[in-house]
There are 2 protein chains.
Amino acid sequence: MDDALRRFKAEIFSALAHPTRIAIVELLRDGEITAGAIMVRLGLEQANVSQHLAVLRGKSIVVARREGNQVFYSIRSPLLLDVLASLRTYFEQQLSQASDLLLSIQAEAATPTGVDPEVLP
Amino acid sequence: MDDALRRFKAEIFSALAHPTRIAIVELLRDGEITAGAIMVRLGLEQANVSQHLAVLRGKSIVVARREGNQVFYSIRSPLLLDVLASLRTYFEQQLSQASDLLLSIQAEAATPTGVDPEVLP
DNA sequence: CCGGTATATTCGCAAGTTCGAATATGAGGT
DNA sequence: ACCTCATATTCGAACTTGCGAATATACCGG
């Protein structure tokens, strides 16, 4: 019984366990957007975007709304944003503790200053 | 923008994307506990517990403390529990919105490749 | 009906995950 | 030193995931 809840949580985590899908959810934070716009904004293959959207759809994380030619996607429940908000706090604490990781992120992103907090979900 | 940060987030999600590892984290909610106790409480193989603990350790979700023969594990940051708590709220809302969501989750888990035939209603 | 545009799905393959069995390490007691 | 208990790691098989190429579906205008 409690196992069903854990499986559900694990599936939500699995659905978010990919950088591209995190990027998609971050994009949808500001409101609905078409699949094509996601493709352009993230610079991905069309099929790839559609596959990742299918994963998010399958776990009911996003919902699709058809309007003529295009399909608009949006976050299904604002409560998921609360989950991401608590994760943001967690990541901030982890990043401030793991300074060597922070440095590696800075080096890889080639940004002179620290991590922009606005980027976090 | 910050792909390295998104990869880091995705790795944390991946680390939690398994029912057993969620169960371990929930067990550790009440304080530190030995690997052997986790094995007994969850009824798992010894190697399996150790492998899952290695994943959680690798992402710094838990920390290990050796005391003689045994190894005590504990949650590294209590903020992670806030994440799981908000995820439970999310789950409860999903249930109240669609009472058969659990069944669809179970059906989908039983049929791995099965995704809703129609994207839109 | 035909063409074009937007999105979805299928396919094949490489890469990653999970599990139990077997094996290895580490610590304490004799 | 040896033995034992607790935990970790390695190995191989089954399974899953991610990707681009190709293909399919849906909608709209002419």
Side-chain angles (χ1 to χ4, degrees), chain A residues 3 6-7 10-24 27-28 32-59 61-74, chain B residues 3 6-7 9-24 27-28 32-59 61-74 105 108-121:
Chain A
D3 198 43
R6 286 193 207 106
R7 282 203 307 275
E11 285 178 9
I12 298 295
F13 282 130
S14 294
L16 296 171
H18 194 284
T20 297
R21 294 197 289 270
I22 291 175
I24 290 174
L27 266 183
L28 294 182
E32 68 175 9
I33 187 177
T34 67
I38 294 170
M39 178 183 82
V40 171
R41 289 280 301 273
L42 300 181
L44 299 169
E45 294 287 323
Q46 184 270 321
N48 199 359
V49 169
S50 207
Q51 287 162 359
H52 283 303
L53 286 171
V55 172
L56 294 173
R57 240 172 27 230
K59 300 298 183 280
I61 288 170
V62 302
V63 286
R65 174 179 72 84
R66 178 143 231 152
E67 186 174 315
N69 231 0
Q70 352 192 70
V71 177
F72 287 80
Y73 280 90
S74 57
Chain B
D3 195 42
R6 281 200 275 266
R7 282 202 306 274
K9 292 182 202 173
E11 283 176 10
I12 300 297
F13 281 126
S14 296
L16 295 170
H18 195 285
T20 297
R21 294 198 287 271
I22 290 176
I24 289 174
L27 261 185
L28 294 180
E32 69 175 9
I33 186 177
T34 67
I38 293 170
M39 178 184 81
V40 170
R41 290 281 300 273
L42 299 182
L44 299 170
E45 293 287 322
Q46 185 269 321
N48 199 359
V49 170
S50 206
Q51 286 161 358
H52 284 302
L53 285 171
V55 173
L56 295 172
R57 242 188 301 123
K59 300 298 183 285
I61 288 170
V62 303
V63 285
R65 175 180 70 83
R66 178 141 229 153
E67 186 175 315
N69 231 359
Q70 0 193 60
V71 177
F72 287 80
Y73 280 90
S74 56
I105 287 172
E108 217 161 356
T111 314
T113 51
V115 172
D116 301 12
E118 295 247 9
V119 170
L120 296 164

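Note on naming: letters A, B, ... go to the chains in the order of the sequence lines (proteins, then strands), and numbering restarts at 1 for each one.
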Tell me the interatomic distance from [X], atom [atom1], to [N], atom [atom2], rounded to whole angstroms.
| X | N | atom1 | atom2 | value |
| --- | --- | --- | --- | --- |
| L44(B) | dA8(D) | CG | P | 14 Å |
| H18(A) | dT17(C) | NE2 | C1' | 14 Å |
| M39(B) | dC19(C) | CE | C1' | 16 Å |
| L42(A) | dG20(D) | CG | P | 13 Å |
| K59(B) | dT17(C) | NZ | C1' | 12 Å |
| R65(A) | dT7(C) | CZ | P | 12 Å |
| E11(B) | dG16(C) | CD | C1' | 13 Å |
| F72(B) | dA8(D) | CZ | P | 12 Å |

> Say you draw a straight line from CG of L53(A) to CG of L28(A); how long is it, rounded to the nearest 0.5 Å?
Replying inline: 7.5 Å
> To the nearest 0.5 Å, how far apart are CE in M39(B) and CD1 in I24(B)?
Replying inline: 12.0 Å
Selection from [options] that lies nearest to any side-chain heavy atom of [X]:
| X | options | answer |
| --- | --- | --- |
| R21(B) | dA6(D), dT18(C), dC19(D) | dT18(C) |
| S50(A) | dG18(D), dT7(D), dA8(C) | dA8(C) |
| Q51(B) | dA21(C), dT9(C), dA8(C) | dA21(C) |
| E45(A) | dG20(D), dT18(C), dT9(C) | dG20(D) |
| A47(B) | dA8(C), dG20(C), dG20(D) | dG20(C) |

Closest heavy-atom pair and its distance - [X], [Y]:
| X | Y | answer |
| --- | --- | --- |
| A15(A) | V55(A) | CA-CG1, 4.1 Å |
| S74(A) | E32(A) | CB-CB, 3.7 Å |
| S14(A) | R21(A) | O-NH2, 3.2 Å |
| I38(B) | L27(B) | CA-CD1, 4.2 Å |
| I22(B) | A10(A) | CD1-N, 3.3 Å |

> Hey, does T34(A) reach any base, or is it just sugar-phosphate, or nothing, if we go heavy atoms under 4.0 Å?
Replying inline: sugar-phosphate
>> Classify Y73(B) by what it touches in the nucleic acid, base, sugar-phosphate, or nothing, heavy-atom distance under 4.0 Å.
In response: sugar-phosphate
>> Strictly below 4.0 Å: does R57(B) bring a side-chain N or O up to OP1 or OP2 of dT7(D)?
In response: no
> Do the side-chain N or O atoms of H52(B) get closer than 4.0 angstrom to the phosphate oxygens (OP1, OP2) of dC19(C)?
Replying inline: yes
Strictly under 3.5 Å: I want the nitrogen or oxygen pairs between protein and nucleotides 25-30 of chain C, one per line.
unit_1, atom_1, unit_2, atom_2, d
dG26(C), N2, N69(B), OD1, 3.1

> Taking the nucleotide of DNA chain D with the closest heavy atom to each, which residue, A17(A) or L53(B), is nearer the 5' end?
Replying inline: L53(B)
> Is there a donor and acceptor pair, one atom on the side chain of Q46(B) and one on the base of dA8(D), closer than 3.5 Å?
Replying inline: yes
> Heavy-atom count around R65(B) CZ within 6.0 Å, excluding the residue itself: above 12?
Replying inline: yes
